[in-house]
Amino acid sequence: MSEEKVPSAVEQTAEAAGAAAEANASEATAGAATAAAPKPAAKRKKRGIVIGVVAAIVVVAGAGFWVWHEQPSFCNAICHAPQDPMNETYDGVTGQAGYDKWGNAVEDMGDLLVVQHKEAGLACMDCHVPTIGQQVTEGMLWVSGNYQYPLNERSLTDLNHYIQAEDESAFCLNEGCHNMTRDDLAHATASYGKRNPHVTDVNHVEMECSDCHKSHRQSVNACSRCHDDVTIPDGWLSADEAAEITSVGFSY
């Protein structure tokens with residue numbers, strides 16, 4: 001019968017020390033792995049912050065784009081490059097001289113409705129309100145070059161293309177702008193008597209608002225085409241004066 005070798009005290013001590021070292025190494029490795037891996041809660045928090053910052057940037061950029069979208073600079077930059085003179089009328093200031101859309105001198109830019117509307121807090125898209133589909137169509141026409149020259153005179157019939165209302169006067173007479181009817185207008189100018197421009201009778205055809213009221217040039221008293229003795233409001237033009245500046249200043 002063989003005799004089993006009994007480890008000496010030194011050998012037992014060495015084995016114990018080795019086991020302890022291996023255990024410590026395993027714990028250190030596990031600790032390092034745990035430290036290297038980010039905690040799930042912290043990772044989710046960081047991701048939430050990043051998403052929040054990105055969302056805020058998108059919202060701010062979108063709001064800024066939408067504000068720019070309603071300004072003349074947007075219309076000119078994206079599509080209507082030939083309308084620089086139109087933009088300059090929008091930049092006019094009441095009490096200062098300038099030029100209308102055709103380059104005719106204007107003593108007081110506050111006489112132009114575009115300036116009056118701007119100073120009332122309105123921008124392009126408050127009056128010109130095309131749908132997204134219409135804007136896309138206009139963009140395609142711009143790219144193809146098949147567009148109308150922007151300085152051509154527009155009637156309410158033309159402008160009604162945007163809102164497509166049954167009554168073309170709704171471009172001006174609506175709840176968001178001039179909240180009144182033609183009857184209200186006729187009553188407001190009743191002092192003109194038989195020459196009330198807002199009354200349609202057997203002697204006068206119904207006139208569009210745009211026959212007299214202009215936006216990017218001085219308004220015109222259309223009644224003066226027939227009546228030489230009518231009073232021309234301050235800042236307005238007579239029919240003859242309007243015809244003269246149209247023929248001289250309107251070139252393209």
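Predicted, not measured: the structure shown is a model, and the values here were computed from it.
- Nearest approach of S169 to L156, heavy atoms of both residues: CA-CD1, 4.0 Å.
- Residue N221 holds its CG atom at 10.0 Å from CG of L237, rounded to the nearest 0.5 Å.
- For residues 107-124, the pairs satisfying side chain to side chain donor-acceptor pair (under 3.5 Å) are T94-E119, with sequence neighbours left out.
- Heavy-atom minimum distance, C172 versus C177: O-CB, 3.4 Å.
- You'll find the side chain of N104 stays beyond 4.5 Å of the side chain of R217, heavy atoms only.
- Note: M86 CE to D91 CG = 13.0 Å, rounded to the nearest 0.5 Å.
- The OG atom of S210 sits 11.5 Å away from atom CG of L113, with the distance rounded to the nearest 0.5 Å.
- Nearest heavy atom pair, residue P197 against residue T189, reads CD-OG1, 4.4 Å.
- Partners of M207 by side-chain contact (heavy atoms from CB on, under 4.5 Å), not counting sequence neighbours, listed by chain and number: D211, C212, A222, R225.
- For the pair N174 (side chain) and A170 (backbone), a donor-acceptor distance under 3.5 Å is present.
- With hydrogens and angles ignored, the 3.5 Å screen pairs no side-chain donor or acceptor of Q96 with any backbone N or O of M109.
- In terms of the side-chain contact (heavy atoms from CB on, under 4.5 Å) criterion, A188 has no residue partners (sequence neighbours excluded).
- No donor-acceptor distance shorter than 3.5 angstrom exists from the side chain of N160 to the backbone of T157, with no hydrogens or angles considered.
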(request) Take V106 and Q218, measure what side chain to side chain contact (heavy atoms under 4.5 Å, CB included) needs, and give me the verdict at the end. (result) CA-CA 8 Å; V106 177; Q218 288 174 280; 4.2 Å; yes

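- The distance from the CD atom of E241 to the CD1 atom of I232 is 7.0 Å, given to the nearest 0.5 Å.
- Between R195 and D229, the closest side-chain pair of non-hydrogen atoms falls below 4.5 Å.
- Taking L185 as the reference, L173, M180, H198 meet the side-chain contact (heavy atoms from CB on, under 4.5 Å) condition, with sequence neighbours excluded.
- The two residues A186 and V199 come nearest to each other via the heavy atoms CB-CG2, 3.7 Å.
- The stretch residues 221-246 participates, sequence neighbours left out, in these ring pair (Phe, Tyr, Trp, His ring centres under 6.0 Å) pairs: H213-W236.
- Atom OH of residue Y99 and atom CG of residue L112 lie 13.5 Å apart, to the nearest 0.5 angstrom.
- Residues satisfying the side-chain hydrogen bond (donor to acceptor under 3.5 Å, both in side chains) test with D158, not counting sequence neighbours, are S155.
- Closest approach of S144 and L141 over heavy atoms only: OG-O, 3.0 Å.
- Here the straight-line distance linking atom CZ of F171 with atom CD of E208 works out to 11.5 Å at 0.5 Å rounding.
- No more than 12 heavy atoms of other residues, nucleotides or ligands lie within 6.0 Å of CG in D228, so this atom counts as exposed by the packing criterion.
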